[in-house]
Amino acid sequence: MAIEVRDVTKSFGTTPVLRDVSVDVESGSLTALLGPSGGGKSTLLRVIAGLERPDIGTVHISGVDATRLSPQRRDVGFVFQHYAAFKHLTVFRNVAFGLEIRKRPKDEIRERVMELLELVHLEKLADRYPSQLSGGQRQRMALARALAVEPKVLLLDEPFGALDAQVRKELRTWLRRLHDEVHVTTVFVTHDQEEAIEVADTIVVLADGEVKQVGSPAEVYDHPVDPFVMRFLGPVTEIGGDLVRPHDIEISASPLDGGTPATIARVVRLGFEVRVEVEVDGQDGREAWVQVTRELADRLGLAPGDTVTLRPTPGARRLALSAV
Ligand SMILES: Nc1ncnc2c1ncn2[C@@H]1O[C@H](COP(=O)(O)OP(=O)(O)OP(=O)(O)O)[C@@H](O)[C@H]1O
């Protein structure tokens with residue numbers, strides 16, 4: 001195991017921010033810490049990095065008890081949302097910095113830095129200054145710099161959080177590919193479930209300072225342990241007292257065994273998918289919606305005012321709301 005966090009509790013003043021948190025991060029994995037704002041993700045990452053000390057509990061990195069080690073002695077690379085580059089140094093020198101202070105031979109530094117710049121696709125911009133880079137390029141430089149000293153673990157705190165949606169998407173795919181090439185154990189913080197699902201091998205859902213669930217993206221999406229995780233990982237809707245994914249509902253113009261009657265309120269076409277908003281009988285006006293393909297919506301001729309029957313598909317994940 002590359003990182004073992006055991007029974008970590010941390011408070012700021014009297015406010016507990018992490019409560020008895022235990023997390024294992026496998027060597028070579030790409031793990032997302034996912035959860036709502038204020039849930040404790042950054043604090044957990046900082047505890048792993050050594051920037052915060054837990055009140056109770058331990059952190060092992062590569063089998064060594066790192067709980068009381070300084071960040072410098074933990075062999076971790078760190079990238080924050082707003083990366084503080086050395087403005088007066090070129091991209092090359094920024095990436096070389098960690099190797100220069102370790103007094104590595106010049107030839108070795110040159111070779112390693114150029115290799116890293118190629119990895120992050122910045123080899124042509126080696127002589128530029130940080131102010132001459134785009135936000136996305138700067139974050140890639142930050143990653144190259146963190147990787148330069150070959151850390152055992154790479155910790156990323158919303159590394160793409162400050163960038164616009166399009167660049168964020170590009171960098172996600174790029175991070176996944178980079179990880180497939182270098183295999184360094186990586187933990188990244190995000191509050192964006194799509195980002196976590198697309199990039200990570202393992203997702204740790206953290207909320208209210210507690211680990212709610214750990215699993216592969218498919219496990220946490222398809223088998224959420226509770227309504228909170230189900231809601232956080234993707235869209236949900238309510239029918240017949242159950243929480244269900246809107247694409248896991250059968251819709252029919254004729255009655256279905258065990259189905260729930262409903263009336264179509266609106267049909268919203270969103271390109272390939274169609275969102276059918278319905279008023280469900282006996283649901284006190286709480287609206288529900290069903291996601292169908294355009295092809296199905298057209299075939300059934302769904303229109304506002306139509307009476308339909310809804311039923312979760314046989315394999316649908318359902319969580320009873322009454323049990324909460
Ligand atoms: N140094 C600090 N002093 C006091 N309170 C803090 C400190 N750092 C964090 N907190 C509080 O701890 C809680 C958890 O913060 P943390 O940054 O870990 O959450 P997060 O899940 O990373 O949220 P976000 O996505 O908004 O960064 C918040 O309520 C925050 O206000």
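Atoms within a ligand are numbered from 1 in the order they appear, just like the ligands themselves.
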Electrostatic pair Glu108-Arg112, nearest N-O below 4.0 angstrom: no
Lys/Arg-Asp/Glu bridge criterion (N-O < 4.0 Å) met for Glu198, Arg176: no
For atom 29 (O) of ligand 1, the protein heavy atom that lies nearest, with its residue and separation: Gly38 O, 4.2 Å
Distance from atom 26 (O) of ligand 1 to nearest protein heavy atom, with residue and atom: Ser37 OG, 2.6 Å
Lys41 and ligand 1 - part of the residue with a heavy-atom distance under 4.0 Å: both
Atoms of ligand 1, numbered as shown, that sit under 4.0 Å from any heavy atom of Pro36: 21 (O)
Atoms of ligand 1, numbered as shown, that sit under 4.0 Å from any heavy atom of Val17: 12 (O), 13 (C), 14 (C)
Ligand 1 N/O within reach of Gly40 N/O, cut-off under 3.5 Å: yes
Ligand-side contact atoms (ligand 1) for residue partner Gly39, heavy atom cut-off under 4.0 Å: 19 (O), 20 (P), 21 (O)
Donor-acceptor contact below 3.5 Å, side chain Arg318 vs main chain Gly241: no
Residues Asp298, Arg269: salt bridge by 4.0 Å N-O rule: yes
Under 4.0 Å to a heavy atom of Ser42 - the qualifying atoms of ligand 1, by number: 17 (O), 18 (O), 20 (P), 22 (O), 27 (O)
Thr43, portion touching ligand 1 at heavy-atom distance under 4.0 Å: both
Sub-4.0 Å protein heavy atom near atom 31 (O) of ligand 1: no
Note: Arg172-Asp192 ion pair, threshold 4.0 Å (strictly below): yes
Heavy atom of the protein closest to atom 9 (C) of ligand 1 (residue, atom name, distance): Phe12 CE1, 3.5 Å
Pair Asp242 + Arg317: basic N to acidic O under 4.0 Å: no
Flag: protein heavy atom within less than 4.0 Å of atom 6 (C) of ligand 1: yes
Basic-acidic side-chain contact under 4.0 Å: Lys212, Glu210: yes
N-O pairing of Lys169 and Glu195 below 4.0 Å: no
